[in-house]
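Model, not experiment: these values are computed from the prediction.
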Amino acid sequence: MSIRAGDRMIAAVILVILAAVVAMGAFSLLAAERIDAAARVRGVELVRNSLERRATYLQRDLASFAHWDESVLRTAYYLDADWVHRNFGRWLHDTQQHDRSYIVVESGVAYASIDGNLVPPDSAPFDGAAIMPVVDKVRAAYLERVAQFEKRVETTPEAGRDLPPVFESGYVRVDGRPALVGAISITPDFGRVVVPDHMAPIAVTVLFLDEGFLRDLLGELQIVNPVISDEVPSAELEAVAIPFTGADTPPAWLSWQPENPGGSLIRALLPALLGTAVLLLTSAAIVLWYARRATQDLAHSEALATHLAYVDPLCGLANRAMLMRELDARVMRLANGERLAVFFLDLDGFKDINDTLGHHVGDMLLMEIGTRLQMLPFPDGVASRFGGDEFVILVPVGPGPQAVAEAGAIIIDMVRQPMSIAGQTMIVGGTIGATLAPDHSREATQLIRLADIALYRAKTEARGTMFVFEPQMESELMRRRDIELELQRALVENELTVYYQPQFSADGETVIGFEALVRWLHPVKGLISPGEFVPIAERTGLVTELDMTVLRRACEQARGWGETRLAVNLSPVDFRMPNLAGAVAAILAETGFPAERLEIEITENLLFENQPEAFSALSALRRMGVRIALDDFGSGYSSLGYLRRFRVDTIKIDRSFTQNIAHTDDAAAIIDCVVRLARALAITVTAEGVETREQLRYLQSVGCHHMQGFLLAGPMPVESVARYLDRAANPASVTYQRRQRV
């Protein structure tokens, strides 16, 4: 009778599974069709936007040459063809793969570069019908801009003499071939060379839409088999019309092989559907076969639950005694290849709930957590309350790290689901440290201890996640505890020293200040990185004493360094002091260091936390005359809202952007935007991490005020500062030099 009942159950499960597979198949076909259609639309839009962007890229390529005093001298007053070829025609061809470059003056073409080779202007190919309309637009706009410039100079002489270049671009047919043409007027950059009375020369570049153009497009968009053709592409291809500027220009199309992610999805999904069906059928049979054994195990579990000595009276879970007994028994029963996971769970923010809402609400929350842990989908798992807001869950897991990660994710997700307690909706997160038996140990106490170490690491680095114990965690914990004790001793015995890294003006030569950096040379362990002991100091509360010690020593040592500024870092923890501004003022008075020369560096995290006491302290420091610098700008939670709410004096661009200038276009673009934003807000910009001359030149070209990095000078002891003081200048009087060219 039981076998027939099992057969009927299996048949019902098979029908349900088949119906589910059919439904999933139909849904997959529909989804695949929609995905393909969306992919085509997205591909067309991406290609169209890329063509528009490439037209704007020409302005970037041409501006570095056209907006330059030297270019005006070498083209407008006399034409130095060799110099123009080195800095314009051949440079554009070698670096940006431009095909043709010209200098057009009022009398015609004065310079020509074809495929990177200098060609006499009178014999160089020049499609005036295609190129001159773009040049004429530049000339018309330039004349209008000159008129506005002269009017501004007459009415407001102090407004400056900068005359930005005029740029125009467009897609045209040059010699019958589709091409991208750009033209720009050649004008001075800082007004040291006067604008010629006659029409300014026009720099022109031509980029044919050939294999090189398609190769760049292929690398950017990852499209398949791009082709430029004069004929309408077939329906099987995706295509975008080249946006020619002339309405009567014969059309051309950029076509490519479209992606069909929906079809790929179907091909990938079909084996999974079949495998899932087989797996579910097999699982159903196994579940039925284990039904009788599950009944016996359930009866045994109910018997154990009656023993109140092993049950937590608040949560209804196993208590610590029951946990240790069960853990010992299960570890002893482990066969070869079997593993038992021990999950040590700690609730995040539970103490705050007890302090704000009362212990009775905390008890109700623990009861709800206990109920949820009892509902975990682990057939042979055991959940227990270890003490306070700590829980331990035992779960048999399969081989591989994925099984442990999935079980931990289920526990965390179950805990942080919203709950209603005492009429209030609460969301409480959980953090887990995990160990495995027999991988880590076969002793119950050791497994719990190691799981607690993993929990400490998880709460330190990423709350709301799970960390599985690794041997280095124990050694690192012991090292952190040793460093904490040694740091207390080092502060008492003045073992810490201060190094200074010079900060330079835009010319890379003039020193405008120094950043104070703490260093710890341990008598036994050697140099200990600030990245190691500063976070420990922040967690243990020693960072405030550390920062005040560094501030006092730096002010004492830098007091006689003329008008150079002194930059000192303060931790967000320091702003929890009742009177941080008063402490800083006391140090300034004690050392005799002028507040106007001090610059306090803060991180974006301080503004992100939005602490009222922090904003109050920053305001008080600014009223004293202390400057405020926002360090590592762009690496965290950069927001215009923070800059609007609290005005800082300096923005320090994070070194990650500086070091990627030559590697990624977005890093240079971000730096350019940050500098423009800062200049608009009258904020000084300092670039950190300057390590190459290419980075220095780019930062100078975008108008960055100050530089700092190993290319210019690294951190140094106070004894080495004197040789840089001769190069120091009053920051208020530093004039920023034009960008350097090598």
[X]: which residues meet the side-chain contact (heavy atoms from CB on, under 4.5 Å) condition with it, sequence neighbours left out?
X: Asp82; result: Asp80, Arg86, Leu118
X: Glu45; result: Arg48, Asn49
X: Pro715; result: Tyr499, Gln501, Leu517, Arg519, Phe710
X: Asp210; result: Asp99, Arg177, Phe208, Phe213

Examine the side chains of Asn569 and Glu515 and answer whether a donor and an acceptor come within less than 3.5 Å of each other. yes
Roughly how far apart are [X] [atom1] and [Y] [atom2], rounded to 0.5 Å?
X: Ile683; Y: Leu677; atom1: CD1; atom2: CG; result: 6.5 Å
X: Ser505; Y: His705; atom1: OG; atom2: NE2; result: 11.0 Å
X: Ile653; Y: Asp631; atom1: CD1; atom2: CG; result: 11.5 Å
X: Phe657; Y: Ile671; atom1: CZ; atom2: CD1; result: 8.0 Å
X: Ile651; Y: Thr686; atom1: CD1; atom2: OG1; result: 10.0 Å
X: Thr692; Y: Tyr698; atom1: OG1; atom2: OH; result: 13.0 Å

Just to verify, what does [X] make a side-chain hydrogen bond (donor to acceptor under 3.5 Å, both in side chains) with, not counting sequence neighbours?
X: Glu599; value: Arg627, Thr650
X: Glu168; value: none
X: Asp672; value: Arg676
X: Gln59; value: none

Test side chain to side chain contact (heavy atoms under 4.5 Å, CB included) applied to Arg173 and Asp127, Asp230, Val181, the passing residue: Asp230
Sort out for me which residue in Val172, Val206, Ile202 forms a side chain to side chain contact (heavy atoms under 4.5 Å, CB included) with Ile131. Val206
Mind checking whether Trp68 and Trp83 have parallel, tilted or perpendicular rings, split at 30° and 60°? tilted
I'd like to know if the side chain of [X] and the backbone of [Y] have a donor-acceptor N/O pair within less than 3.5 Å.
X: Thr75; Y: Ser71; value: yes
X: His67; Y: Ile186; value: no
X: Asp649; Y: Ile628; value: yes
X: Asp507; Y: Thr510; value: yes
X: Ser101; Y: Ser113; value: no
X: Gln96; Y: Leu92; value: no

Can you name the residues that form a salt bridge (Lys or Arg N to Asp or Glu O under 4.0 Å) with [X], not counting sequence neighbours?
X: Glu52; value: none
X: Arg723; value: none
X: Glu509; value: Arg727

Using a 4.5 Å cut-off on heavy atoms from C-beta on, say whether the side chain of [Y] contacts that of [X].
X: Tyr57; Y: Leu62; value: no
X: Thr684; Y: His706; value: yes
X: His98; Y: Leu58; value: yes
X: Trp256; Y: Val47; value: yes
X: Arg693; Y: Leu711; value: yes
X: Leu254; Y: Pro226; value: yes
X: Met132; Y: Arg139; value: yes
X: Val511; Y: Gln503; value: no

Centroid separation Phe88 to Phe65 less than 6.0 Å: yes
For residues 102-111, dump all side-chain donor-acceptor pairs below 3.5 Å to protein atoms at least two apart in sequence or in another chain.
from   : atom 1 : to     : atom 2 : distance (Å)
Tyr102 : OH     : Pro125 : O      : 2.4
Tyr111 : OH     : His85  : ND1    : 2.8

Does NZ or CZ of Arg145 come closer than 6.0 Å to the centre of the six-membered ring of Tyr142, within 45° of the ring's axis? no
Pick from Asp175, Thr205, Asp115: which one makes a side chain to side chain donor-acceptor pair (under 3.5 Å) with Arg100? Asp175
